[in-house]
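Everything on this sheet refers to the single structure shown next.
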Protein chains: 2
Amino acid sequence: MSAPAPEGYDPHAYAPFAVTVDLAVFTVREARLHVLLVERGQEPHRGRWALPGGFLLPREAAEDAARRELAEETGLGPGAIGALHLEQLRTYTDPDRDPRMRVVSVAYAALLPDLPEPRGGGDAASARWWDAGSTGPLAFDHDTILADAHDRIGAKLEYSCLATAFCPAEFTLGELQQVYETVWGVELDRPNFRRKVLSAPGFVQPVDGPPRRTGGRGKPAALYRAGDATALHPPLLRPQRTDASPSGPEGRDR
Amino acid sequence: MSAPAPEGYDPHAYAPFAVTVDLAVFTVREARLHVLLVERGQEPHRGRWALPGGFLLPREAAEDAARRELAEETGLGPGAIGALHLEQLRTYTDPDRDPRMRVVSVAYAALLPDLPEPRGGGDAASARWWDAGSTGPLAFDHDTILADAHDRIGAKLEYSCLATAFCPAEFTLGELQQVYETVWGVELDRPNFRRKVLSAPGFVQPVDGPPRRTGGRGKPAALYRAGDATALHPPLLRPQRTDASPSGPEGRDR
DNA sequence: ACCCTTTATAGTCAGAGTGACTATAAAGAA
DNA sequence: TTCTTTATAGTCACTCTGACTATAAAGGGT
């Protein structure tokens with residue numbers, strides 16, 4: 001911003017860049033973290049899967065572009081899109097990240113409750129949810145972006161109330177715990193999780209009256225909705241892995 | 001990245017943007033947080049103070065541009081610059097943030113130990129350290145960037161070993177505590193701070209033998225250097241403000 | 001019916017971590 | 001010397017946490 005800028009400047013002399021947004025849109029379905037991918041309809045990387053995204057319009061802010069692309073890919077209404085939490089991840093600027101030309105991309109992460117299959121909108125040949133751990137090699141540097149997004153989401157769950165964004169408007173504590181377990185890839189103790197969530201002011205609030213969820217087996221659970229807090233005090237720290245062994249189904253390290 | 005890109009494309013049709021980096025370079029001097037600012041030598045905002053920064057070169061990654069600009073402004077050698085921790089903050093994309101043309105800026109934060117006055121390099125009329133809390137209105141949206149940077153640094157001190165970047169190679173625990181107190185704007189209990197720092201594995205390591213700092217008044221302190229850890233377990237949480245004021249600009253970001 | 005499995009919820013208990021505090025040591029200054 | 005300043009050691013009560021046990025309320029199978 002304070003760099004050499006000639007008095008009579010030629011925008012193109014300083015504007016050899018295209019700017020895009022890339023979106024890592026996550027959801028939890030069937031106890032697995034899923035990410036929305038689109039199949040590329042043209043070169044480069046035609047036929048490869050990629051994060052949804054696209055070029056900024058000439059007078060558009062990056063977050064607006066992200067919401068626009070998200071609406072195109074998911075078919076969500078403007079109300080849902082407008083209220084959605086979009087987290088700017090970081091910006092990827094490797095000169096060779098796009099073989100066509102110099103492209104700088106601002107990456108965002110978004111969290112959605114489980115939704116029906118997306119409609120393949122825009123230029124994408126198709127769009128669908130993928131298990132976030134089983135995506136093949138993606139186009140461009142999207143493997144890196146996806147990994148960074150997963151890391152960031154996992155970290156934000158610790159000290160923010162973001163986990164409720166993965167849940168529908170009303171949810172049980174079991175569903176909320178499932179979000180943590182899925183994103184972190186660990187098992188948590190149910191009574192302890194419950195104690196910490198309920199003692200964090202403003203994280204969740206009980207739905208009035210005693211309505212209870214039906215449909216599953218086991219005792220019906222009380223329903224909650226997201227509270228008005230945005231930060232989590234005290235934080236809900238994930239159990240630190242003390243060794244390098246991948247977590248088995250038994251959980252509980254050591 | 002996956003947006004409409006015509007087969008026979010014209011780069012300029014998708015490249016109406018200039019890309020810059022902006023740097024929030026912090027140091028602690030005399031128990032105050034200071035930030036490096038440059039006085040703008042030309043329009044727009046001629047004579048206003050701004051964060052150092054500049055345009056990306058055609059085949060340069062943003063972090064390389066940030067290190068290049070930092071070297072120009074501070075006169076630090078390439079060794080020091082190369083080892084420096086540069087934290088990408090976020091990217092600012094408001095279409096009107098630069099009156100000249102469409103400029104997207106990637107902001108970085110850097111932490112330095114106390115240094116002599118910078119040399120005014122490059123196009124800057126002059127460059128100097130400012131008390132981070134007493135900067136006048138800065139050029140462009142740099143007030144916002146500076147505030148975001150301060151927030152981020154404060155949050156990172158909680159769960160990373162970054163605080164040692166503010167200190168010289170060998171430092172006392174009192175100096176390290178000064179960093180926390182200055183960035184957070186609070187006073188900490190000295191014995192408790194000591195206990196937590198020393199119990200965090202890999203945060204600091206004592207300098208061998210019993211060398212002690214001279215020059216000040218009071219009992220000489222043992223010297224430490226930065227340990228090999230990068231994350232802080234357990235985290236060193238800042239005392240939560242008990243007042244009911246709603247959270248400021250979305251603190252904590254990992 | 002009955003038991004069995006599943007999930008939710010309540011509670012207990014020991015240990016780690018933390019905030020507030022007191023005490024002692026080692027330097028320079030008055 | 002005495003005072004002031006800074007460093008370091010230690011105490012103590014309280015909270016938070018992980019690991020665990022117990023009980024409640026549903027559905028499924030035989």
Side-chain angles (χ1 to χ4, degrees), chain A residues 30-31 157-159 167 170-182 184 186-201 203-204 206-207 209-224 232-243 247 249-254, chain B residues 30-31 157-159 167 170-181 184 186-201 203-204 206-207 210-224 232-242:
Chain A
E30 292 156 16
L157 290 195
E158 292 192 329
Y159 52 85
C167 298
E170 297 190 344
F171 52 87
T172 69
L173 294 188
E175 292 168 336
L176 188 63
Q177 182 176 347
Q178 188 68 254
V179 169
Y180 277 90
E181 293 181 331
T182 300
W184 287 348
V186 298
E187 283 192 6
L188 302 175
D189 180 82
R190 199 181 290 267
N192 290 342
F193 179 83
R194 172 186 195 77
R195 179 179 56 191
K196 294 186 73 165
V197 168
L198 293 182
S199 70
F203 189 11
V204 299
V207 171
R212 325 205 125 226
R213 164 144 305 182
T214 172
R217 20 188 200 300
K219 178 177 175 178
L223 290 176
Y224 296 83
L232 210 49
H233 283 295
L236 214 160
L237 300 176
R238 71 188 111 182
Q240 73 269 18
R241 37 183 114 176
T242 42
D243 65 340
S247 67
E250 91 294 336
R252 305 299 177 289
D253 54 275
R254 226 173 331 165
Chain B
E30 291 157 16
L157 291 196
E158 292 192 328
Y159 51 85
C167 297
E170 297 190 345
F171 52 86
T172 68
L173 295 188
E175 292 168 336
L176 188 64
Q177 182 176 347
Q178 188 67 254
V179 169
Y180 277 90
E181 293 182 330
W184 287 348
V186 297
E187 283 195 4
L188 301 175
D189 181 83
R190 199 182 291 266
N192 290 342
F193 179 83
R194 173 187 195 77
R195 179 180 55 193
K196 295 185 74 166
V197 168
L198 293 182
S199 71
F203 189 10
V204 299
V207 171
R212 324 203 126 227
R213 165 144 302 181
T214 171
R217 24 188 197 297
K219 178 177 174 178
L223 290 176
Y224 296 83
L232 211 48
H233 282 294
L236 213 159
L237 300 177
R238 71 187 112 181
Q240 74 268 22
R241 35 183 112 175
T242 44

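Letters go in sequence order (proteins before strands), and every chain restarts at 1.
With sequence neighbours excluded, the residues that form a salt bridge (charged side-chain N to carboxylate O under 4.0 Å, His left out) with B:E170 are B:R225. B:A200 meets the side-chain contact (heavy atoms from CB on, under 4.5 Å) test with B:F203, B:L232; sequence neighbours excluded.
To the nearest 0.5 angstrom, B:L236 atom CG is 7.5 Å from B:L188 atom CG. We find the CD-CD distance between A:Q178 and A:E30 to be 11.0 Å, quoted to the nearest 0.5 Å.
Between the CD atom of A:Q178 and the C1' atom of C:dA8 there is a distance of 15 Å, given to the nearest Å. In this structure, CG of B:L236 is placed 13 Å from P of C:dG17, rounded to the nearest angstrom. Between the CG atom of B:L223 and the P atom of D:dA7 there is a distance of 11 Å, rounded to whole Å. Distance, A:D189 CG to C:dT9 C1': 12 Å, rounded to whole Å. Between the C1' atom of D:dT17 and the NE2 atom of A:H233 lies a distance of 18 Å, rounded to the nearest Å.
Residue A:F171 is tested with A:V207, A:L223, A:V204 for a side-chain contact (heavy atoms from CB on, under 4.5 Å); the sole match is A:V204.
Here the closest non-hydrogen pair linking A:L237 and A:W184 is C-CH2, 4.1 Å.
In this structure, the helix from C:dA1-D:dT30 to C:dA30-D:dT1 shows an angle of 10° between the axis at its start and the axis at its end, each fitted on 5 base pairs and rounded to 10°.
In this structure, of C:dA27, C:dG11, D:dT8, it is D:dT8 that holds the atom nearest to the side chain of B:A222.
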So which protein nitrogen or oxygen atoms get under 3.5 Å of nucleotides 3-6 of chain D's nitrogens or oxygens?
| from | atom 1 | to | atom 2 | distance (Å) |
| --- | --- | --- | --- | --- |
| D:dT6 | O2 | B:K219 | N | 3.2 |

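Sequence order on DNA chain D of the closest nucleotides to B:T172 and B:N192 puts B:T172 first from the 5' end.
Looking only at distances, a side-chain donor or acceptor of A:Y180 sits under 3.5 Å from a matching main-chain atom of A:L157.
Using a 4.0 Å cutoff on non-hydrogen atoms, the parts of residues 193-200 of chain B near DNA chain D are B:R194, B:R195, ordered by number.
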Considering only distance and modelled atom types, tabulate donor-acceptor pairs under 3.5 Å from the side chains of residues 190-198 of chain B, sequence neighbours left out.
| from | atom 1 | to | atom 2 | distance (Å) |
| --- | --- | --- | --- | --- |
| B:N192 | OD1 | B:R195 | NH2 | 3.1 |
| B:N192 | ND2 | B:D189 | OD2 | 3.3 |

